[in-house]
Amino acid sequence: QVQLVESGGRSVQPGGSLTLSCAVSGLPFTLDYYRIGWFRQAPGKEREGISCITPSGITSVYADSVKGRFTISRDNAKNMVYLQMNNLKPEDTATYYCATGQNYYCTTFNTTGVTYWGQGTQVSVSD
């Protein structure tokens with residue numbers, strides 16, 4: 001059974017930092033086969049892709065909305081993927097999801113090729 005379990009979400013003030021974690025298990029292949037993406041969905045808005053990392057971790061991409069503030073990383077040996085979020089803004093308030101699939105690529109920020117989703121972790125940024 002494939003599981004992606006996000007954690008680390010909480011309420012934080014603007015300008016604060018959080019690190020989200022994604023624990024992955026049960027994939028058909030080892031984690032270093034997969035590109036992993038982080039997505040988020042704010043209330044009343046569509047789910048958007050914000051970052052993606054290649055299997056080796058050498059290459060990562062970011063949506064303009066988070067570029068320069070968020071950093072994605074992975075530890076394949078621990079089956080973990082992380083999202084370091086700095087200088088958080090109220091507009092970052094959303095449920096954050098990690099996701100992957102055998103045919104998921106980091107070339108776009110849409111959900112094409114995503115087969116597996118986590119349950120999400122809530123991030124709230126407010127005074």
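Everything quoted here is computed from the prediction, not taken from an experiment. Heavy atoms only: backbone and side chains are in, while hydrogens, waters and symmetry mates are out.
- With hydrogens and angles disregarded, no donor-acceptor distance shorter than 3.5 Å links the side chain of Thr59 to the backbone of Thr54.
- Between Tyr82 and Arg74, every side-chain heavy-atom pair lies at or beyond the 4.5 Å cut-off.
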Derivation and outcome, side chain to side chain contact (heavy atoms under 4.5 Å, CB included), residues Cys22 and Val24
CA-CA 6 Å; Cys22 173; Val24 185; 3.8 Å; yes

Item to complete: Walk me through it: do Tyr116 and Tyr104 pass the test side chain to side chain contact (heavy atoms under 4.5 Å, CB included)?
Response: CA-CA 10 Å; Tyr116 308 109; Tyr104 171 65; over 6 Å; no

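- No side-chain heavy atom of Val2 sits under 4.5 Å from any side-chain heavy atom of Thr115.
- In this structure, Tyr97 has no ring-ring contact (aromatic ring centres under 6.0 Å, His included) partners at least two apart in sequence or on a different chain.
- Counting heavy atoms from C-beta on, the side chains of Ser65 and Phe70 never come closer than 4.5 Å.
- Residue pairs meeting the salt bridge (charged side-chain N to carboxylate O under 4.0 Å, His left out) criterion with at least one partner in residues 43-61, sequence neighbours excluded, are Arg40-Glu48.
- At least one side-chain heavy atom of Leu83 sits less than 4.5 Å from a side-chain heavy atom of Ile50.
- With hydrogens and angles disregarded, no donor-acceptor distance shorter than 3.5 Å links the side chain of Gln3 to the backbone of Gly26.
- Of the possible polar contacts, none joining the Asn76 side chain to the Ser56 backbone as a donor-acceptor pair under 3.5 Å is found.
- The salt bridge (charged side-chain N to carboxylate O under 4.0 Å, His left out) test applied to Arg35 returns no partner, not counting sequence neighbours.
- The two residues Asn87 and Asp92 have their closest heavy-atom pair at O-OD2, 4.4 Å.
- Considering only residues two or more places apart in sequence or on other chains, Lys67 meets the salt bridge (charged side-chain N to carboxylate O under 4.0 Å, His left out) condition with Asp64.
- Side chain of Thr19 to backbone of Gln84: no donor-acceptor contact under 3.5 angstrom is found.
- For Arg10, there are no salt bridge (charged side-chain N to carboxylate O under 4.0 Å, His left out) partners two or more places apart in sequence or in a different chain.
- Linking ILVMFWY side-chain heavy atoms closer than 4.5 Å, directly or via other members, places Val66 and Phe109 in two distinct hydrophobic clusters.
- Using a distance-only test at 3.5 Å, with no hydrogens or angles considered, a donor-acceptor pair links the side chain of Tyr62 to the main chain of Ile72.
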- Message: Could you walk me through whether Ile36 and Leu31 satisfy the side chain to side chain contact (heavy atoms under 4.5 Å, CB included) test, starting with their C-alpha distance in whole Å, then the side-chain angles of each, then the deciding distance to 0.1 Å, before giving a yes or no?
- Response: CA-CA 9 Å; Ile36 307 292; Leu31 186 62; 3.8 Å; yes

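- When side chains are defined from C-beta on, Val125 does not count as touching Glu91, because their heavy atoms never get closer than 4.5 Å.
- Side-chain contact check for Met80 versus Ser21: some heavy-atom pair is nearer than 4.5 Å.
- Ser51 places a side-chain N or O within donor-acceptor distance of the main-chain N or O of Val61, the cut-off being under 3.5 Å.
- Nearest heavy-atom pair, Trp38 versus Glu6, reported as atom, atom and distance to 0.1 Å: CZ3-CG, 3.9 Å.
- A donor-acceptor pair is defined here as one N or O able to donate and one able to accept, closer than 3.5 Å; no such pair exists between the side chain of Gln41 and the backbone of Ala94.
- Annotation: disulfide (SG to SG under 2.5 Å) contacts involving residues 27-75, sequence neighbours excluded, comprise Cys52-Cys106.
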Full working for side chain to side chain contact (heavy atoms under 4.5 Å, CB included) between Val12 and Met85:
CA-CA 11 Å; Val12 63; Met85 306 187 295; over 6 Å; no

